[in-house]
Number of protein chains: 2
Amino acid sequence: MNAVAGDSKVATKQRLIEAAEALFADEGFDRVSVRDITTKAGANVAAVNYHFGSREGLVAVVLARYINPVNEERLARLEALERKVGGKPVPVEEVLEAFVRPFATQVRRSELSEKLFFKLMGRMFGQEGCNLPPVVETVFVTMLSRFQKAFAKSLPGLAAEDVWWRIHLMAGAMIHTMAHAETLQRFSGGDSGSPTLEQTLSRFIRFAAAGMRQGSEEPQEAEKPKGPQVEFPF
Amino acid sequence: MNAVAGDSKVATKQRLIEAAEALFADEGFDRVSVRDITTKAGANVAAVNYHFGSREGLVAVVLARYINPVNEERLARLEALERKVGGKPVPVEEVLEAFVRPFATQVRRSELSEKLFFKLMGRMFGQEGCNLPPVVETVFVTMLSRFQKAFAKSLPGLAAEDVWWRIHLMAGAMIHTMAHAETLQRFSGGDSGSPTLEQTLSRFIRFAAAGMRQGSEEPQEAEKPKGPQVEFPF
DNA sequence: ATGAAATTAAATCAATCGTTTGACAGACTC
DNA sequence: GAGTCTGTCAAACGATTGATTTAATTTCAT
């Protein structure tokens with residue numbers, strides 16, 4: 001059944017992309033066949049190969065569609081942050097905000113539901129195969145390098161090695177939370193509530209900030225987290 | 001029937017399991033075919049269906065082989081911990097230690113390399129499909145519930161909802177770190193060093209402990225982490 | 001309106017998937 | 001020794017995979 005179409009002349013290419021995104025988010029990149037995608041998009045089996053050259057080509061398009069904007073917005077936010085504070089170190093919370101906020105920005109640009117979008121992003125950033133198109137990988141590497149430097153400056157005295165490991169742990173918390181949010185609900189028996197996006201972002205930032213600096217510093221006057229904040233004043 | 005006379009007969013089943021584990025760790029549960037497994041094990045294609053009923057049966061065996069021991073050791077360690085301290089709350093670091101130490105215990109019981117073992121565990125605990133055999137799922141749920149109570153007692157005044165979310169973030173950091181350790185190395189350009197298992201465990205525990213309590217409490221006299229500790233005295 | 005290009009549908013490709021079959025050899029019980 | 005399990009094997013099963021071909025249709029500038 002077609003879930004995307006409605007207007008039969010909406011560009012087939014676009015319908016394919018949207019169908020692929022929803023299916024990839026739901027079942028993972030591996031478990032979805034070309035026929036699953038074309039069926040859902042109401043298109044012919046050959047359409048994928050016509051428009052994207054191959055299944056892999058479609059995957060690459062889907063990957064690049066969000067990863068690049070997210071990473072570029074991350075970079076832009078970090079640069080704006082550093083411009084703001086001059087040469088001084090940026091509070092860890094603000095670096096983290098620059099790191100995760102782009103997801104909230106891009107989720108609105110997407111036609112996917114919030115839940116599906118984050119599942120998809122979690123799969124993208126969490127998948128190992130990581131056959132990222134070269135362009136995507138390039139942006140990714142430079143972005144990570146920039147954030148490593150920013151964190152290193154915000155956590156003076158910390159060895160580069162430790163900065164990398166804390167970034168890795170921090171990113172793991174973020175990715176896993178995005179990809180498996182509903183698993184938490186299943187295991188907690190509903191005790192995990194139904195937080196808004198802002199609440200979840202805030203929860204992550206506070207958790208990650210504490211982990212990044214590990215009490216080895218005084219919490220630097222953290223900016224009040226935006227959005228509805230009920231549970232936990234700093 | 002239980003005569004183990006034939007040496008190569010029992011070995012086939014075992015070889016299949018070990019081959020499957022290595023391949024699953026390397027490429028993920030989805031990307032490995034039955035023929036990949038039987039070829040690597042030097043067995044016939046039909047062997048998997050003969051010994052395990054189906055491919056899914058083999059997957060279930062592989063899943064249960066480590067998940068159950070890990071979760072049971074987690075429970076045992078937590079109970080020993082609570083017995084030790086009487087009714088008092090356990091320091092967060094010690095609860096976390098009970099949560100991750102079993103991986104270090106079980107890695108030695110395994111014939112896989114350290115790297116492959118953790119990749120496999122990361123995939124198991126991180127995969128979403130989570131078609132865990134019912135027995136495995138049962139142990140999993142009770143174990144999580146017990147740890148939630150322990151963390152709640154160690155973090156007084158924290159709402160159950162927040163405890164669940166911090167556990168989720170904590171587990172994400174752990175799982176992602178286990179599954180994608182080599183990704184860190186690739187992205188950091190070698191700047192992430194070559195830490196020992198104990199160093200990595202210690203890094204995780206300190207990161208997670210800080211995130212769990214988020215500076216909302218004084219760090220409770222944490223036990224000195226075992227193993228080689230050079231970088232970061234508490 | 002016409003011709004060229006774009007896009008589709010339908011059929012088909014070889015390859016691979018998980019699974020099944022039936023035969024066969026060895027080891028055991030009676 | 002007949003009968004009966006168990007484990008293994010080559011071979012093949014039908015189904016599905018990603019990809020390709022062929023022909024018909026639509027789109028659009030001229």
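Every value quoted in this text rests on a predicted model; they were computed, and no experiment measured them. Throughout, protein chains are lettered first and strands after them, A, B, ... in sequence-line order, and every chain is numbered starting at 1.
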Quiz prompt | Length of the NZ-C1' vector between B/K13 and D/dG7, whole Å | solution = 12 Å

Quiz item: Over how many whole Å does the gap from B/D36 atom CG to C/dT19 atom P extend?
Solution: 14 Å

Exercise. Output every pair passing ring-ring contact (aromatic ring centres under 6.0 Å, His included) with a member in residues 42-70 of chain A, not counting sequence neighbours, ordered by first then second residue.
Key: A/Y66-A/F117

Practice problem: Using atom CG of B/L16 as one end and atom C1' of D/dG7 as the other, report the distance to the nearest whole Å. | Solution: 12 Å

Taking N or O atoms only and anything under 3.5 Å, show me the protein contacts with nucleotides 9-15 of chain D, one pair per line.
unit_1: D/dC9; atom_1: OP2; unit_2: B/N44; atom_2: N; d: 3.3
unit_1: D/dA10; atom_1: OP2; unit_2: B/N44; atom_2: ND2; d: 3.4
unit_1: D/dA10; atom_1: N7; unit_2: B/N44; atom_2: ND2; d: 3.0
unit_1: D/dA12; atom_1: N6; unit_2: B/R35; atom_2: NH2; d: 3.3

Practice problem: Rounded off to whole Å, could you give me the CZ-to-P distance for the A/R55 and D/dT20 pair? | Solution: 15 Å

Quiz item: Any side-chain heavy-atom pair from B/E161 and A/Q199 closer than 4.5 angstrom?
Solution: no

Practice problem: Find the distance B/Q14:CD to D/dG7:C1' and express it as a whole number of Å. | Solution: 16 Å

Quiz item: Are any of the side-chain nitrogens in A/R77 or A/E97 under 4.0 Å away from the carboxylate oxygens of its partner?
Solution: no

Quiz item: Under 4.5 Å between any side-chain heavy atoms of B/M124 and B/V62, yes or no?
Solution: yes

Exercise. Rounded off to whole Å, could you give me the NE2-to-C1' distance for the A/H51 and C/dA5 pair?
Key: 14 Å

Exercise. Identify which nucleotide among D/dT8, D/dA19, C/dA6 has an atom closest to any side-chain atom of A/S54, counting heavy atoms from C-beta outward.
Key: D/dA19

Exercise. Could you tell me how the ring of B/W165 sits relative to the ring of B/H168: parallel (under 30°), tilted (30 to 60°) or perpendicular (over 60°)?
Key: perpendicular

Quiz item: Just how far, in rounded Å, is P of D/dG7 from CZ of B/F52?
Solution: 12 Å

Quiz item: In whole Å, what is the span from the CD atom of A/E56 to the C1' atom of D/dT17?
Solution: 15 Å

Quiz item: Excluding sequence neighbours, so at least two apart, what forms salt bridge (Lys or Arg N to Asp or Glu O under 4.0 Å) with B/E111?
Solution: B/R65

Self-check item: Proximal nucleotide (of C/dT7, C/dG18, D/dT6) relative to the A/Y50 side chain
Solution: C/dT7

